[in-house]
> 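Please read through the structure below; I'll follow up with questions.
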There are 2 protein chains.
Amino acid sequence: MTDINSFLAPAAAADRPRSAAPEAEAPLIDLIELFFFAYRDFVGDPDEILAPIGFGRAHHRVIHFVNRHPGMRVTELLDILRITKQSLGRVLRELVDEGFVESRAGQADRRQRLLYPTPKGEALAREFVAIQSRRIARALKACGPDARGAAERFLLAMIDPEDRAGVERLIQRADRAADAG
Amino acid sequence: MTDINSFLAPAAAADRPRSAAPEAEAPLIDLIELFFFAYRDFVGDPDEILAPIGFGRAHHRVIHFVNRHPGMRVTELLDILRITKQSLGRVLRELVDEGFVESRAGQADRRQRLLYPTPKGEALAREFVAIQSRRIARALKACGPDARGAAERFLLAMIDPEDRAGVERLIQRADRAADAG
DNA sequence: TGAAAAAGTCAACATGACTGACATAAATTC
DNA sequence: GAATTTATGTCAGTCATGTTGACTTTTTCA
């Protein structure tokens with residue numbers, strides 16, 4: 001009875017004196033909770049890969065975006081991740097020390113440190129994308145025919161309107177670069 | 001140029017010596033990133049409510065599920081949140097101390113501590129649901145006609161298969177309780 | 001030449017997670 | 001009735017990841 005399946009048991013009415021007072025938008029609670037549980041499992045995938053090598057979610061995010069945008073500046077990465085440079089600094093130093101990321105001075109502007117994945121970093125990033133893509137592909141398959149388009153439209157629309165265009169550009173830029181490369 | 005909009009600028013080809021080597025599942029990177037950005041903004045909503053009262057995300061989750069399942073046992077909450085009782089303990093104590101959650105001994109089994117939201121806790125939980133529902137409603141409106149069903153199917157299918165049934169039961173149980181109350 | 005930008009670093013601190021050990025009360029089993 | 005198990009709570013220490021604030025170095029640019 002300590003399992004989540006204990007919820008199968010019929011609820012004891014005596015212990016439920018107050019109701020949850022549903023409002024007009026109450027039905028969307030289902031989506032709120034589904035989003036919570038889905039995201040937890042979604043980020044759980046990379047966690048399993050990272051745990052054995054002593055890294056965490058912060059490392060995942062950095063490796064992912066550096067691999068997706070090779071040559072990215074530190075400031076750009078900070079904008080995407082929305083963390084302070086001190087937070088990023090620690091994670092980035094570990095990744096550089098352990099040979100997952102390389103930092104080279106920019107040619108045009110030598111103040112810049114451009115970030116590149118090493119072959120080792122690329123391989124790890126591909127692992128992350130592979131496992132998360134597998135989960136998404138499985139989910140889309142279980143849904144209807146235009147599931148992918150629907151999911152893309154929904155998730156994009158969930159993003160703050162003022163960030164939406166930036167995210168779209170970010171993704172398109174990476175896709176273009178991957179096609180060209 | 002320190003803005004995310006800097007990604008609008010044409011990429012400097014000279015600084016992009018390696019390509020991102022797309023694989024068979026590579027296109028789903030878009031969905032991976034959209035999920036990341038969407039979830040960030042999604043949990044950012046309650047953060048704004050919580051910051052002024054000195055609470056964090058952990059408090060949000062506890063208040064949400066206690067309000068959704070009034071009379072829930074501590075062990076059940078631990079199963080849902082998948083954290084240790086020590087972690088929950090701190091957060092729960094603060095919520096009880098500040099009058100958002102009430103803990104009463106079970107009638108049938110007096111070892112149990114059944115968790116109920118106070119009126120103050122209910123009000124806060126409703127605020128969370130309201131702001132997140134508003135975001136979801138806005139997103140669904142921007143999508144097609146069956147956007148809601150599609151989103152529900154997709155998110156549910158994203159959950160680990162072995163947890164899926166449990167999550168469905170959890171949601172249905174709460175909905176039933178809300179209808180009855 | 002002097003201001004501004006890009007990046008890095010030191011120090012201190014907050015949050016939310018963790019492990020391990022132990023305590024208490026109540027229920028269950030032998 | 002005694003022993004065991006269950007549900008909960010708590011003390012102590014640690015870790016990962018975030019924060020603010022202050023300061024430095026290098027380089028660019030007006």
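Owing to the predicted nature of the structure, the values given are computational and were not obtained by experimental measurement. Lettering follows sequence order; numbering is per chain, from 1.
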> Please give, in whole Å, the distance from C:dT9 P to A:Leu92 CG?
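In whole Å, C:dT9 P and A:Leu92 CG are 10 Å from each other.
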> Ignoring backbone atoms, test whether A:Arg113 places a side-chain nitrogen or oxygen under 4.0 Å from the OP1 or OP2 oxygen of D:dT25.
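No, outside the criterion.
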> State which of D:dT10, D:dG9, D:dG18 makes the closest approach to the side chain of A:Ile83.
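Of the options given, the side chain of A:Ile83 lies nearest D:dG18.
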> Closest to the B:Gln112 side chain: D:dA7, D:dG18, D:dG9?
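From the listed options, D:dA7 comes nearest.
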> Give me the ring orientation class for B:Tyr39 and A:Tyr39: parallel if the planes are under 30° apart, tilted from 30 to 60°, perpendicular past 60°.
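Taking A:Tyr39 first and then B:Tyr39, their aromatic rings lie parallel (interplane angle under 30°).
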> Out of B:Val96, B:Val91, B:Asn67, which residue meets the side chain to side chain contact (heavy atoms under 4.5 Å, CB included) rule with B:Val101?
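That would be B:Val96; it is the only one of B:Val96, B:Val91, B:Asn67 passing the side chain to side chain contact (heavy atoms under 4.5 Å, CB included) with B:Val101.
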> With a non-hydrogen cut-off below 4.0 angstrom, is A:Gly56 in contact with a base, only sugar-phosphate, or nothing?
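Here A:Gly56 touches the backbone only, sparing every base.
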> Counting just side-chain N and O atoms, does A:His59 come under 4.0 Å of either OP1 or OP2 of D:dT17?
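Yes, such a contact exists.
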> Can you say whether a donor on the side chain of B:Arg111 sits under 3.5 Å from an acceptor on the base of C:dA27, or the other way round?
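Counting by modelled atom types and ignoring angles, no donor-acceptor contact under 3.5 Å is found here.
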> Do B:Gln86 and D:dG13 have a side chain to base donor-acceptor pair shorter than 3.5 Å?
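Side chain to base: no pair below 3.5 Å.
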> For the pair A:Phe35 and B:Phe35, name the ring-plane relationship: parallel under 30°, tilted 30 to 60°, perpendicular over 60°.
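A:Phe35 and B:Phe35: tilted rings.
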> Does a nitrogen or oxygen in the side chain of B:Thr84 sit under 4.0 Å from OP1 or OP2 of C:dA17?
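Result: no.
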> Spell out yes or no: do the side chain of B:Arg90 and the base of C:dA17 have one donor N/O and one acceptor N/O closer than 3.5 Å?
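It does, because a donor-acceptor pair links the side chain of B:Arg90 to the base of C:dA17 below 3.5 Å.
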> Does B:Ser87 place a side-chain N or O at less than 4.0 Å from the phosphate oxygens OP1/OP2 of C:dC18?
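Checking C:dC18 against B:Ser87, a side-chain N or O does come within under 4.0 Å of OP1 or OP2.
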> Is any side-chain heavy atom of B:Leu95 less than 4.5 Å from a side-chain heavy atom of B:Val66?
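B:Leu95 vs B:Val66: side chains apart.
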> Can you tell me how far P of C:dG16 sits from CD1 of B:Ile63, to the nearest Å?
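Whole-Å distance recorded here is 12 Å.
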> From CG of B:Leu88 over to C1' of C:dT15, roughly how many Å is that when rounded to an integer?
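Atom CG in B:Leu88 sits about 15 Å away from atom C1' in C:dT15.
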> Are A:Arg138 and A:Arg135 side-chain neighbours, meaning at least one heavy-atom pair lies under 4.5 Å?
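Answer yes - side chains close enough.
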> Scan B:Arg57 against the nucleic acid and name what it touches under 4.0 Å (heavy atoms): base, sugar-phosphate only, or nothing.
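Answer is sugar-phosphate: B:Arg57 comes under 4.0 Å of backbone atoms only.
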> A:Lys85 NZ to D:dT17 C1': how many Å, rounded?
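Taking NZ of A:Lys85 and C1' of D:dT17, I get 18 Å after rounding.
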> If you assign B:Ala58 and A:Asp109 each to the DNA chain C nucleotide with the nearest heavy atom, which residue ends up on the more 5' nucleotide?
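Upstream on the strand: A:Asp109.
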